[in-house]
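Numbers here are sequence positions counted from 1.
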Amino acid sequence: MAIPTFTNQVVDLLDQHDDVVSWINDTLTPNDIDDSSSVDLAVLDQEITQLLSTLDIASEDTSAQLERAIDDISRAIPRLAYDLHFMKDGASTLQNALVGVLQRSRDAVPKETSVALDNLHHLDMIKGRMEVSREVLREAESWSTLEHEVSSLILEKSYAKAADRLSEANKSMVVFQNTPEYDPRRTLMVNLQNQLEAALSTALVSAINSQDLSACRDYFSIFFTIQRESEFRNYYYASRRASIVSFWQDTPLVELDLSSPPSSSGPVQSFTEFLQKFYSNFLSLLNLERIAISSIFPDPSNTLSQFISSTITSLQPTISQRLSSYASHHGESILIHLIPVLRATEEFATGVEHIMEKIKYASNANLPSTQGNTSEKPQTHRRRSSRMSISLRSGQHRSLPSTAGLVKTIVDSLENLEWEQELFQPFLDLQTDYATLERRYLEHSFIEIISSDSRDKIQASDRPRLFRERAVDVFGIAENSMSRCKAFTYGYGAVGLIHALDGFFQSFIDMWTADIQTGSYNQPSVSKGSVSDNELSDLDYTAQDWSSIQLSLHLLSSARTVFDRLVVFETKLRAYLSQVATLFRMAANDPLNFPIATTKGESQLLEQSTLNSTDLHALLIAVETDSGARDPPYSASLRLQAPAPTPLEPLLVNARKALSTFAQTCQTAMTKTILSPLRSHLTGYASSSGWLSTADPKAATSNNDLRVPTFSLSHSETVQRVAEGLLNLPRLFEVYADDDALAFSLETLPYVETEMLHNLTEQANDMTSQQSHRRRSSIYMKPTVIDSELVSSAWLVSLGHTFLEYLIADILPAIPSLSIAGAAQLSSDLEYLSNIVRALNVEHRTLEQWKSYVSMDNEEGMRTLANSSSPLDPVLERVAKLRGWR
């Protein structure tokens with residue numbers, strides 16, 4: 001057929017077709033070309049272009065006509081009210097005129113004529129009531145013979161006539177409504193329907209099993225006539241699913257619960273292998289049923305959906321019970337075994353959807369549409385979705401012909417999704433528990449790796465290496481967690497994934513932290529010369545001390561390596577979350593073309609589950625916001641680098657905290673070892689008898705006699721050794737000046753001021769900006785090598801404060817009492833220590849208070865004590881007790 005020239009011809013032809021696709025095919029296909037012959041694509045393209053132009057013109061003409069019609073209506077509406085008012089006045093006038101005419105007509109009729117007309121009216125009413133009574137008597141006579149007639153028709157196997165007779169009788173039930181006759185007749189009707197159903201059941205089952213489609217169609221018509229459509233469906237479903245249900249129940253499985261052994265013996269299979277065979281057989285059955293159901297039922301799509309749902313719900317043990325036994329069998333590693341099971345289920349659902357698409361186009365052997373429209377619904381479903389399908393969510397613009405069409409589309413969609421919800425509902429409980437399953441699998445995999453380790457035989461020197469190696473294993477195990485989250489929850493388990501990974505990394509690091517704190521490893525015997533230079537031979541460290549320092553440094557270096565790996569892993573995790581956020585956003589805008597899960601039913605279940613929480617959306621929004629903020633514009637022509645991005649909030653917060661705790665533990669152990677010689681020097685300092693000396697420190701020579709006090713005003717020998725140890729600390733750090741481990745986690749060093757760390761950070765940023773023209777910054781910058789002098793300064797400040805805290809908190813309060821001479825000596829010692837620690841850039845307020853209060857004489861001290869407000873300064877109160885001021 002040639003393409004029409006005029007637009008009105010195109011519109012007329014379009015109105016004559018019910019299907020747009022058939023109209024296009026008829027329009028573009030010439031009459032002289034067979035459907036199977038090839039068509040020149042260039043000619044076809046030209047015809048399509050011409051047809052599009054014609055349709056555009058027709059659309060413009062229609063729009064113009066519609067605008068003119070709207071204009072005409074707009075102009076006519078103001079006059080409509082006037083016309084209605086005019087018609088109302090006219091009607092009122094006509095009514096009054098009719099009343100007058102009627103009254104005049106009554107006056108004109110003689111009285112005898114009026115009586116005769118009343119008699120005729122009375123007789124007509126009696127006649128009508130007699131006819132109604134006759135119909136009732138006929139119905140009663142019909143009901144009196146109903147049981148006999150139907151029984152005779154059943155014996156004669158005239159099932160269709162019996163069904164028609166019951167249908168006619170059922171229509172007359174309304175006559176007996178609200179009468180004593182209704183219940184007995186209703187009971188009789190049900191009994192006769194039961195007899196007809198019982199008589200048909202054997203033949204029906206035989207016809208279903210033999211796939212006699214014609215007989216099944218006739219039986220369905222009979223069941224529909226007697227309002228027993230649901231019973232027919234139950235017969236059909238039960239008969240057709242028998243083989244697949246038996247296969248499910250009788251096949252022995254490796255993971256089968258022993259409390260419910262299979263009813264038959266056979267080769268034992270794994271649940272995954274069995275499920276694939278089960279789904280394959282189920283799809284084969286559905287492909288057969290596609291033709292049969294289309295020939296028998298008026299609603300093949302809904303019928304097939306109900307058949308699948310009824311088959312799934314009739315499985316014993318249920319899918320949930322099988323999954324529970326499967327999970328119990330595999331224990332901690334169940335997650336990786338559930339993923340292929342879910343994947344096989346999704347493949348089955350995809351195959352069913354293809355069958356559903358085919359069945360929608362089946363048009364052969366359908367029952368009349370009037371039957372399909374008036375047929376009762378099948379059995380009530382056990383669960384209805386509280387929300388419509390994801391494909392019909394708010395925000396999606398669809399063109400539907402009418403409200404009735406929209407309602408029908410929604411109902412059909414919900415019914416067709418029923419089988420998917422039955423299929424995927426057993427997995428939903430496992431999917432909502434994804435965080436626990438992921439954590440259990442991670443820990444199980446790690447235990448399998450470390451099960452061969454013998455912790456008792458591991459030497460201390462091997463711990464840092466083993467920590468790095470185990471970190472490689474841990475991050476390797478976690479590497480596939482994102483793919484597992486995507487495969488099992490399609491990103492809905494992102495929050496649980498972060499919790500699982502964060503807890504897993506935290507427990508791994510905490511385990512190593514506990515090892516350091518408890519010292520649960522063998523200390524090696526390391527000689528000093530192997531770890532230190534000859535220039536440090538005068539330091540008071542033992543070989544064991546050098547070994548501990550080396551161990552702490554190596555552990556800090558390993559912690560730095562683990563931190564770098566953690567940063568890289570967080571980058572990958574953030575990229576995965578960004579992909580999930582993009583997918584969710586696209587699915588929200590266009591759920592039909594960008595579905596989240598494989599099928600609509602699975603997507604709907606996940607969308608309505610607790611996984612779709614506000615925490616998940618807040619996380620995805622934050623990730624997308626951070627990703628957008630970290631892509632500033634860059635001008636390649638001007639070579640302008642955008643400002644360095646600010647660090648993002650970490651995802652694995654607890655893991656970072658655990659790593660900080662690990663580093664702090666290593667730093668504490670190293671600090672304790674470094675300060676151990678200084679502490680040993682102070683062992684007998686508090687118990688020295690010189691603190692109670694009564695000698696006058698100001699005594700002078702007289703009569704050529706030289707009086708030498710027990711304590712001189714110069715610092716004591718003990719403080720001299722301590723001071724030498726403090727002054728040697730910078731020499732110690734010069735040995736490890738090139739070791740980056742000292743610069744790791746400086747923020748966890750005790751007593752290091754925030755201002756110093758800020759200065760170190762500024763220096764690191766300056767060094768980073770100098771290199772920014774060569775590469776773009778990553779999400780987390782790798783820690784830059786900081787000036788070794790600044791790092792040594794931070795450590796010296798921490799060591800100095802730590803030592804002074806030990807001196808002030810443990811040593812000085814242990815002095816029993818101070819005489820005047822003892823106070824003078826202690827003042828001299830503290831003055832000397834104060835000068836020494838200042839050389840290390842350490843300012844200690846409490847030390848200065850001790851020095852100030854101890855150096856006071858009795859009169860000044862008592863005056864200071866009297867002028868002090870309550871509560872007293874703890875240092876002043878302690879010195880007052882030592883000096884006897886109170």
Kindly compute the distance separating [atom1] ([X]) from [atom2] ([Y]), expressed to the nearest 0.5 Å.
X	Y	atom1	atom2	value
Ile355	Ser301	CD1	OG	11.5 Å
Cys485	Leu437	SG	CG	12.0 Å
Leu423	Ile312	CG	CD1	4.5 Å
Thr311	Glu422	OG1	CD	11.0 Å
His85	Leu80	NE2	CG	13.5 Å

Side chains of [X] and [Y]: does their closest heavy-atom pair fall under 4.5 Å?
X	Y	result
Asn593	Asp590	yes
Glu602	Leu605	no
Gln211	Arg240	yes
Leu428	Leu606	yes
Arg233	Phe307	no
Leu342	Leu430	no
Val352	Leu304	no
Thr345	Leu275	yes

Ring centroid separation for [X] and [Y], is it under 6.0 angstrom?
X	Y	result
Phe274	Trp248	yes
Phe220	Tyr236	no
Phe278	Phe271	no
Tyr492	Phe584	yes

Look only at the side chain of [X] and the backbone of [Y], and say whether a donor-acceptor pair between them is shorter than 3.5 Å.
X	Y	value
Ser239	Tyr235	no
Ser294	Arg290	yes
Arg217	Ser295	yes
Asp212	Ile208	no
Glu438	Leu497	no
Ser603	Ala597	yes
Asn612	Gln608	no
Ser280	Gln276	no
Gln431	Phe488	yes

Of all the heavy-atom pairs spanning [X] and [Y], show the shortest one and how long it is.
X	Y	answer
Tyr434	Arg484	OH-C, 4.2 Å
Ile596	Ala587	CG1-CB, 3.5 Å
Thr489	Gly493	OG1-N, 3.0 Å
Leu616	Gly491	CD1-O, 3.9 Å
Ser309	Trp419	OG-CA, 3.1 Å
His617	Ser613	CD2-O, 3.1 Å

Handout entry: Worked check of side-chain contact (heavy atoms from CB on, under 4.5 Å) between Ile244 and Arg241
Key = CA-CA 5 Å; Ile244 199 70; Arg241 70 179 179 235; 4.2 Å; yes
Handout entry: Member of Tyr237, Phe297, Phe224 meeting the ring pair (Phe, Tyr, Trp, His ring centres under 6.0 Å) criterion with Phe232
Key =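 Of Tyr237, Phe297, Phe224, ring pair (Phe, Tyr, Trp, His ring centres under 6.0 Å) with Phe232 is met by Phe297 alone.
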Handout entry: More than 12 heavy atoms from other groups under 6.0 Å of CZ on Phe86
Key = no
Should [X] and [Y] count as an ion pair when the cut-off is N to O under 4.0 Å?
X	Y	answer
Arg68	Asp71	no
Glu420	Lys600	no
Arg79	Asp83	yes

Handout entry: Residue pair Gln306 / Glu418, side-chain donor-acceptor N/O under 3.5 Å
Key = no
Problem - CA sep, side-chain torsions, deciding dist, call: Arg585, Thr582, side-chain contact (heavy atoms from CB on, under 4.5 Å) - result: CA-CA 5 Å; Arg585 176 167 44 79; Thr582 302; 3.6 Å; yes
Exercise for the section: Could you walk me through whether Val341 and Phe427 pass side-chain contact (heavy atoms from CB on, under 4.5 Å), step by step? Expected result: CA-CA 10 Å; Val341 172; Phe427 292 93; 3.7 Å; yes
Exercise for the section: Mind running side-chain contact (heavy atoms from CB on, under 4.5 Å) on Phe569 and Leu501 for me, showing each step along the way? Expected result: CA-CA 10 Å; Phe569 185 84; Leu501 291 173; 3.7 Å; yes
